[in-house]
Amino acid sequence: MNSAKPQLTLYNTLTRSKAPFQAMDDNNVRLYACGPTVYDFAHIGNGRAAIVFDLLFRLLRHVYGADHVTYVRNITDVDDKINARALRDFPDLPLNEAIRRVTETTAAQYQKDVAALGCLEPNVQPRATDNIDEMQRLIGTLIQRGHAYEAGSEVLFAVDSMPDYGQLSGRNLEDNLAGARIAVDAHKRNPADFVLWKLSSDDEPGWDSPWGRGRPGWHIECSAMSERYLGETFDIHGGGLDLIFPHHENEIAQSRCAHGSHAMANVWMHNGFLMVEGQKMSKSLGNFFTIHQLLETEDFGGRKWPGEVLRLAMLMTHYREPIDFTVKRLEEALTLLEKWERAAGAAQPAPMLAPDLLERLADDLDTPGAIGRIHALILDEGRAADGLALAELMGIGIKREIAVDAAVAEQVAARLAALNAKDFAEADRIRNALAEQGIALMDYKDEQGQRATKWEVKR
């Protein structure tokens with residue numbers, strides 16, 4: 001790590017405190033974030049998680065060097081929801097073919113959507129179905145060590161075999177037992193035990209295993225994939241607040257008990273919930289929106305929203321706080337971007353980002369503070385290059401490409417010459433041609449009283 005860079009401070013859900021981040025190895029910083037279950041297009045809540053951990057990835061790359069950070073974001077492509085969607089959408093196809101159609105289509109759309117939100121590709125994006133052997137090996141180890149057992153056509157994790165189960169969520173075994181429907185789960189030793197492997201019927205996808213043809217439980221997937229690509233213990237594990245229990249809690253249980261380790265990940269980070277216009281997002285309320293809808297349709301607020309606007313709107317709230325996702329918020333983000341574009345003009349991002357400009361971002365991803373700093377740099381301090389560099393680090397797109405294009409500058413100069421020659425038809429022709437490229441012209445008198453023109457990019 002470059003000693004000139006600021007110290008990162010991160011909030012750890014496991015310790016419920018904020019502390020300086022210390023990588024296990026500065027030359028190999030490792031980050032895992034839970035990715036999509038590809039049975040449907042990703043909604044805007046999924047988009048928030050993608051943006052938050054992309055931002056963390058960008059910051060780690062800046063501090064430690066791009067070659068020294070590994071970011072893994074998985075794709076869950078085996079799940080009962082996927083099976084149900086395949087049967088619904090492709091009832092005439094063999095199930096395996098129907099599942100393939102669903103997962104390939106939705107996975108491809110997810111990649112396109114998060115790219116539009118300004119997210120970099122993770123270093124590795126493993127699919128659950130490519131890691132079945134790793135899952136089976138992990139399950140076998142848990143059985144051998146007395147942490148799992150076979151019962152009722154399932155392999156189950158025995159939660160009471162782990163004395164400190166529940167540290168991440170703050171739930172103890174008594175909390176998990178309260179209200180449990182023991183009669184429904186009579187084959188379990190403890191009602192809180194969870195599935196590692198379950199048998200598949202003939203019309204369900206499955207893989208041969210020592211416990212019969214079946215498929216993995218959800219939690220074992222991330223334990224297996226994170227171990228394969230990042231090791232038994234790694235630096236940071238991220239995901240949405242809704243994943244703390246049971247998913248992340250059970251990941252920790254599986255991984256620690258299989259490896260006999262003190263930790264699965266040293267730091268656990270979780271982004272807050274997302275509301276839509278003050279209400280929980282729900283299809284029944286008609287306020288359930290996918291990233292694709294926001295980008296490509298006029299279903300929300302009567303217009304399409306550019307990816308950079310969606311990203312900025314998300315980052316205007318600290319990642320651990322809840323977001324109320326509203327049309328007003330998007331309009332505010334759009335207005336802010338346009339102000340930056342006008343003020344930045346033809347400036348280019350500074351080649352080096354001064355360390356002091358990272359102070360807010362390094363403080364547990366304080367994006368509201370960092371956005372305020374960008375605004376001040378571009379509009380108040382005359383340091384547009386620094387502001388653009390900070391925005392670029394955050395993945396916030398400020399469209400200046402057209403404004404700095406030499407060909408555009410040449411057309412503007414030609415129009416000015418036509419005006420001075422009173423060739424108004426030619427001047428109008430050039431103005432209209434530029435307008436078609438998204439360039440708005442503004443004529444004014446300079447300090448010497450001479451005709452001049454400046455321009456800006458219009459969305």
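Values below: every heavy atom of this structure, side chains too, minus hydrogens, waters and symmetry copies. What you are looking at is a predicted structure, and each value in this text was computed from that prediction instead of being measured.
Within 6.0 Å of CD in Gln22 there are 12 or fewer heavy atoms belonging to other residues, nucleotides or ligands. Atom CG of Asp380 sits in a crowded spot, with more than 12 heavy atoms from other residues, nucleotides or ligands closer than 6.0 Å.
Panel note: side chain Ser200, backbone Pro205; a donor-acceptor pair is recorded below 3.5 Å. With hydrogens and angles disregarded, a donor-acceptor distance shorter than 3.5 Å links the side chain of Asp324 to the backbone of Glu277. Of the possible polar contacts, none joining the Glu97 side chain to the Pro94 backbone as a donor-acceptor pair under 3.5 Å is found. A side-chain donor-acceptor contact under 3.5 Å links Trp305 to the backbone of Phe300. Between the side chain of Asn74 and the backbone N or O of Gly35 there is at least one donor-acceptor pair closer than 3.5 Å. Distance alone, capped at 3.5 Å, places no donor-acceptor pair between the Asp366 side chain and the His318 backbone. Checking side-chain atoms of Asn12 against main-chain N and O of Ser17 turns up no donor-acceptor pair under 3.5 Å. Using modelled atom types, no side-chain atom of Asn190 and backbone atom of Ala158 make a donor-acceptor pair closer than 3.5 Å. Side-chain atoms of Arg85 come within 3.5 Å of backbone N or O of Tyr39 as a donor-acceptor pair.
Taking the six-membered ring where tryptophan is involved, the planes of Phe288 and His43 are perpendicular, since the angle between them exceeds 60° and thus also 30°.
Each of Thr367, Leu337, Leu330 was checked for a side-chain contact (heavy atoms from CB on, under 4.5 Å) with Leu312, and the lone residue meeting it is Leu337. Residue His219 is tested with His247, Glu251, His248 for a side-chain hydrogen bond (donor to acceptor under 3.5 Å, both in side chains); the sole match is His247.
Ion pairing between a basic and an acidic side chain is recognised when a charged N comes within 4.0 Å of a carboxylate O; Arg137 and Asp133 show no such pairing. With respect to Arg171 and Glu249, no salt bridge is recorded, no charged nitrogen being found less than 4.0 Å from a carboxylate O.
Annotation: cation-pi pair Arg30/Tyr32 absent, no NZ/CZ under 6.0 Å from the ring centroid and within 45° of its normal.
A side-chain donor from one of Asp364 and Tyr319 sits under 3.5 Å from a side-chain acceptor of the other.
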